[in-house]
Amino acid sequence: MFQPHDYLMLDELISEENKLARDAIRDWVKQEVTPIIEESAQKHETSIKILKGLGEIGAYGPNIPVEYGGGGMDEIGYGVIMQELERGDSGVRSMASVQTSLVMYPINRFGSEEQKKKYLPKLATGEWIGCFGLTEPDYGSNPGGMITNFVDDGDHVILNGAKMWITNSPLADIGVVWAKDEEGKVRGLIVEKGMKGYTAPEIENKWSLRTSATGEMIFEDVRVPKENILPGVVGLRGPLSCLNKARYGIAWGAVGAAMDCYDSALRYSKERIQFGKPIAQFQLQQKKLAEMITEITKAQLLIWRVGTLLDKGKATPAHISMAKRNNVEMALKIARESRQVLGAMGITGEFPMMRHMMNLESVITYEGTHDVHLLITGHDITGLNAFTC
Ligand code: TGC
Ligand code: FAD
């Protein structure tokens, strides 16, 4: 069973309240996620018990105000929760980060009082599951080109278009969908399951994030009440602001996945005997393990600092991009390296490395690809925009 590692005593940087929350989630993951997640991944099934359970333990909206059912925690608190969930599985962290950062956050930040009261408490408990529709079949890294649009129809609008690769869409009760109005301006709309003309078929046969449902969102003349339009934002800034929050959570989550791989490799290497010695005694294996804990520790410090800046209102989107890019790549490298420490055993479902590795292949692509985040940093440090060159 997973043992936490805190090589540089970074726990001293985390408040008692946040440590309590993290430890409670850690215990929940051990009890509810670890025993079933491998089978869930092998069967390519989303566990509804986990999806609902996340609402019971306060993992939906921990940083959303208490008056709307959230936990009222700071961003470090949200981060350490994402870390523990992704130690269990990236798909489980996805459930919580989409609900929190991509559904509850835009409703809380850009929604009307009526929208907040109607949706947030039910999303916080997990009674309703939400999804976030930005990516389209022809517009992934470049969401500004989106085709999905709506036209005026009295007290409703008529929505047409399609979204692709949407986490939780096949299961979701509501979706925050980004679409262009008649002037070509991006707006956020809350689409509800059951609206005529709206379907959300699942994307089958993924080799990655097999515990998380991914689907399309198809809109064929869907009549959406105007009261479902988020009044507080116009333009691409709206969805991109939500991505900042989710990317931040992913940067913490990646540390959790890496810790799980490192912990499994460390314990195995001390027990596995070859040439009459534990393989942990061989210098080549020590190099792998020593580099892993070094990289994990650096990644922890990076995201802790970004979280601290976020709590002070000083973190920029580019700071968050740096952390997402660095930490996900770090976790992916550790998943591959730790798999090798286990030799053949590493390819089995008895150990978590292959599952984490395959999951992280999505994590390095979604919420902005590895390349996109590098170009965001490049823009920030040079002042020159590679996306428009
Ligand atoms: P650009 O002209 O740079 O910006 C348009 C407007 O947006 C503002 N802006 C931001 N605002 C807040 N946060 C950010 N991170 C922002 N980035 C830009 C910008 O200031 C401007 O505002 P205004 O008021 O002046 O109009 O936009 P661009 O079209 O050139 O694109 C820039 C680019 C490429 C960086 C951006 O589009 C991008 O980040 N692309 C990647 C797309 C992406 O990350 N998609 C993620 C989809 S959601 C997802 O993957 C969920 S996975 C969920 C899970 O399971 O965990
Ligand atoms: P493309 O944009 O087509 O990119 C292809 C390649 O070209 C990449 O390597 C990219 O880095 C590179 N590239 C693109 N532009 C440039 C450039 N200017 N310079 C250099 N290289 C470039 N989206 C949502 O809206 N909601 C969700 O809930 C959601 N969940 C997802 C869940 C999963 C499992 C996955 C895999 C994706 C999900 N996505 C979601 C979509 C995700 O955000 C996109 O896949 C991602 O933004 C990349 O878009 P794309 O796949 O169309 O790749």
Side-chain angles (χ1 to χ4, degrees), residues 44 46 82 85-86 89-103 105-106 109-110 129-146 148 162-172 175-179 185-186 188 200 202-203 205-217 233-254 310 315-322 324-325 328 358-380 385-389:
H44 203 326
T46 303
M82 295 303 118
L85 294 177
E86 193 144 1
D89 190 76
S90 302
V92 175
R93 193 269 309 137
S94 260
M95 293 171 191
S97 58
V98 168
Q99 184 95 339
T100 301
S101 293
L102 298 181
V103 183
Y105 172 77
R109 171 132 184 235
F110 305 124
I129 297 299
C131 67
F132 175 90
L134 178 63
T135 306
E136 300 191 353
D138 292 331
Y139 295 94
S141 297
N142 176 25
M146 71 175 71
T148 301
K163 299 289 176 180
M164 183 81 176
W165 303 112
I166 307 304
T167 299
N168 280 347
S169 77
L171 308 165
V176 172
V177 175
W178 300 93
K185 292 184 177 148
V186 174
E202 184 157 0
I203 297 169
N205 298 327
K206 295 184 313 221
W207 281 114
S208 176
L209 286 181
R210 289 167 64 84
T211 63
S212 162
T214 313
E216 299 173 60
M217 299 176 93
V233 74
V234 178
L236 201 54
R237 184 173 68 79
L240 294 180
S241 311
C242 309
L243 297 185
N244 294 333
K245 293 285 180 179
R247 291 166 177 173
Y248 165 73
I250 287 172
W252 275 101
L310 208 52
T316 66
H319 291 151
I320 295 169
S321 281
M322 178 186 278
K324 191 268 184 186
R325 182 173 189 276
V328 176
M358 293 195 299
N359 285 342
L360 289 161
E361 290 291 346
S362 282
V363 182
I364 205 165
T365 287
Y366 69 32
E367 295 280 1
T369 68
H370 201 56
D371 299 329
V372 161
H373 289 297
L374 178 129
L375 296 176
I376 290 171
T377 305
H379 184 184
D380 198 42
N385 187 347
F387 297 109
T388 55
C389 65

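All values derive from a computational prediction rather than experimental measurement. Counting starts at 1 for both ligands and their atoms, following the listed order. Atom set for the values below is all heavy atoms of this structure, side chains included, hydrogens, waters and symmetry mates excluded.
- Of the protein's heavy atoms, Tyr366 CG, 3.4 Å lies nearest to atom 52 (S) of ligand 1.
- Between the side chain of Asn359 and the backbone N or O of Leu209, at least one donor-acceptor pair lies under 3.5 Å.
- Only the side chain of Leu243 comes within 4.0 Å of ligand 1, judged by heavy-atom distances.
- Atom OG of residue Ser101 and atom CD1 of residue Ile250 lie 8.5 Å apart, to the nearest 0.5 angstrom.
- At the shortest separation from atom 49 (C) of ligand 1 among protein heavy atoms lies Glu367 N, 3.7 Å.
- In Leu240, the parts holding a heavy atom less than 4.0 Å from any atom of ligand 1 are both the side chain and the backbone.
- Atom 8 (C) of ligand 1 has Arg237 CA, 4.1 Å as its closest protein atom, hydrogens excluded (heavy atom only).
- In this structure a side-chain-to-backbone donor-acceptor pair under 3.5 Å is missing from Glu202 to Gly215.
- Here the CG atom belonging to Asn244 is positioned 8.5 Å from the CG atom belonging to Leu310, to the nearest 0.5 angstrom.
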Worked check of side-chain contact (heavy atoms from CB on, under 4.5 Å) between Arg93 and Val363: CA-CA 11 Å; Arg93 193 269 309 137; Val363 182; 3.9 Å; yes
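- Here the side chain of Thr388 pairs a donor or acceptor atom with the backbone of Asn385 at under 3.5 angstrom.
- Taking every non-hydrogen atom of Thr167 and a distance limit under 4.0 Å, the qualifying atoms of ligand 1 come out as 53 (C), 54 (C), 55 (O).
- In this structure, the side chains of Trp178 and Thr148 stay at 4.5 Å or more apart for every pair of heavy atoms.
- The protein non-hydrogen atom at the shortest distance from atom 42 (C) of ligand 1 is Gly140 O, 3.7 Å.
- Judged as a salt bridge (charged side-chain N to carboxylate O under 4.0 Å, His left out), the pairs with a partner in residues 130-139 (not counting sequence neighbours) are, in order, Glu136-Lys163.
- In this structure, atom 55 (O) of ligand 1 is in close contact with the protein, since a protein heavy atom lies within 4.0 Å of it.
- For atom 37 (O) of ligand 1, the closest non-hydrogen atom on the protein side is Pro143 CD, 3.4 Å.
- Atoms of ligand 1 lying under 4.0 Å from at least one heavy atom of Thr135, given by number and element, are 47 (C).
- Within the 4.0 Å heavy-atom cutoff, Arg93 counts among the residues contacting ligand 1.
- The two residues Gly140 and Thr135 make their nearest non-hydrogen contact at CA-CG2, 3.8 Å.
- The shortest non-hydrogen separation linking Ser169 to Glu216 is OG-O, 2.9 Å.
- Within the model, atoms SG of Cys242 and CZ of Arg237 stand 10.5 Å from one another, a figure rounded to the nearest 0.5 Å.
- Look at Ser94 and you'll find a heavy atom under 4.0 Å from some atom of ligand 1.
- Ranking protein heavy atoms by distance to atom 13 (N) of ligand 1, first place goes to Asn244 ND2, 2.9 Å.
- A heavy-atom separation below 4.0 Å is found between Arg247 and ligand 1.
- Side-chain contact, Ser94 with Tyr366: a donor N or O sits under 3.5 Å from an acceptor N or O.
- Contact shell of ligand 2 (protein heavy atoms, cutoff 4.0 Å): Phe132, Leu134, Thr135, Gly140, Ser141, Trp165, Ile166, Thr167, Leu209, Thr214, Ser362, Thr365, Tyr366, Glu367, Thr369, Asp371, Leu375, Phe387.
- When the heavy-atom distances from atom 5 (C) of ligand 1 to Val98, Leu102, Leu236, Thr214 are ranked, the shortest goes to Leu236.
- Not a single heavy atom of Gly249 sits less than 4.0 Å from an atom of ligand 1.
- When every heavy atom of Thr211 is checked against every heavy atom of Gly91, the shortest pair comes out as OG1-CA, 3.6 Å.
- Here Ser212 contributes atom OG and Lys206 contributes atom NZ; the two are 5.0 Å apart, rounded to the nearest 0.5 Å.
- For the pairing with Cys131, the side-chain contact (heavy atoms from CB on, under 4.5 Å) check across Leu102, Leu171, Ile166 returns one residue only, Ile166.
- Per-atom contact check: atom 1 (P) of ligand 1 does not touch the protein, criterion being a heavy-atom distance below 4.0 Å.
- Proximity of atom 30 (O) of ligand 1 to the protein is not indicated, since no non-hydrogen protein atom lies closer than 4.0 angstrom.
- With ligand atoms numbered from 1 in the order given, ligand 1 contributes 56 (O) to contacts under 4.0 Å with heavy atoms of Ser97.
- Counting the atoms of ligand 1 from 1 in the order shown, those under 4.0 Å from a heavy atom of Pro317 are 13 (N), 14 (C), 15 (N).
- Under 4.0 Å from ligand 1, the heavy atoms of Ser141 that appear belong solely to its backbone.
- Atom OG of residue Ser362 and atom CZ of residue Arg210 lie 11.5 Å apart, to the nearest 0.5 angstrom.
- What sits closest to atom 32 (C) of ligand 1 on the protein, heavy atoms only, is Phe387 CD1, 4.6 Å.
- Of all the atoms in ligand 1, the ones that sit under 4.0 Å from a non-hydrogen atom of Phe132 are 48 (S).
- Taking a distance limit of 4.0 Å, we find that atom 23 (P) of ligand 1 is approached by no protein heavy atom.
- Identified under the salt bridge (charged side-chain N to carboxylate O under 4.0 Å, His left out) test for residues 240-249, with sequence neighbours left out: Glu75-Lys245.
- Of the heavy atoms in Trp165, none comes closer than 4.0 Å to ligand 1.
- With a 4.0 Å cut-off on non-hydrogen atoms, Lys163 does not touch ligand 1 at all.
- Considering only heavy atoms from C-beta on, Met95 stays 4.5 Å or farther from Ile129 through its side chain.
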Indicate every side-chain donor-acceptor pair of residues 368-378 with a distance under 3.5 Å to a residue at least two apart or in another chain.
residue	atom	partner	partner atom	Å
Thr369	OG1	Asp371	N	3.4
Thr369	OG1	Val372	N	3.1
His370	NE2	Arg325	NH2	3.4
His373	ND1	Ser321	OG	2.8
His373	NE2	Glu367	O	2.8
His373	NE2	Gly368	O	3.2
Thr377	OG1	His373	O	3.2

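- Within the 4.0 Å heavy-atom shell around ligand 1 one does not find Gly235.
- Shown here, atom 44 (O) of ligand 1 is in close reach of the protein: a heavy atom of it lies under 4.0 Å off.
- Under the 4.0 angstrom criterion for non-hydrogen atoms, Ser241 is in contact with ligand 1.
- Taken from OG in Ser90 to CE in Met358, the straight-line distance is 11.0 Å, to the nearest 0.5 Å.
- Note that atom 40 (N) of ligand 1 has protein non-hydrogen atoms nearby, at separations under 4.0 angstrom.
- The number of heavy atoms from other shown groups lying within 6.0 Å of CE (Met322) does not exceed 12.
- Here the heavy atom of the protein found nearest to atom 35 (C) of ligand 1 is Ile376 CD1, 3.7 Å.
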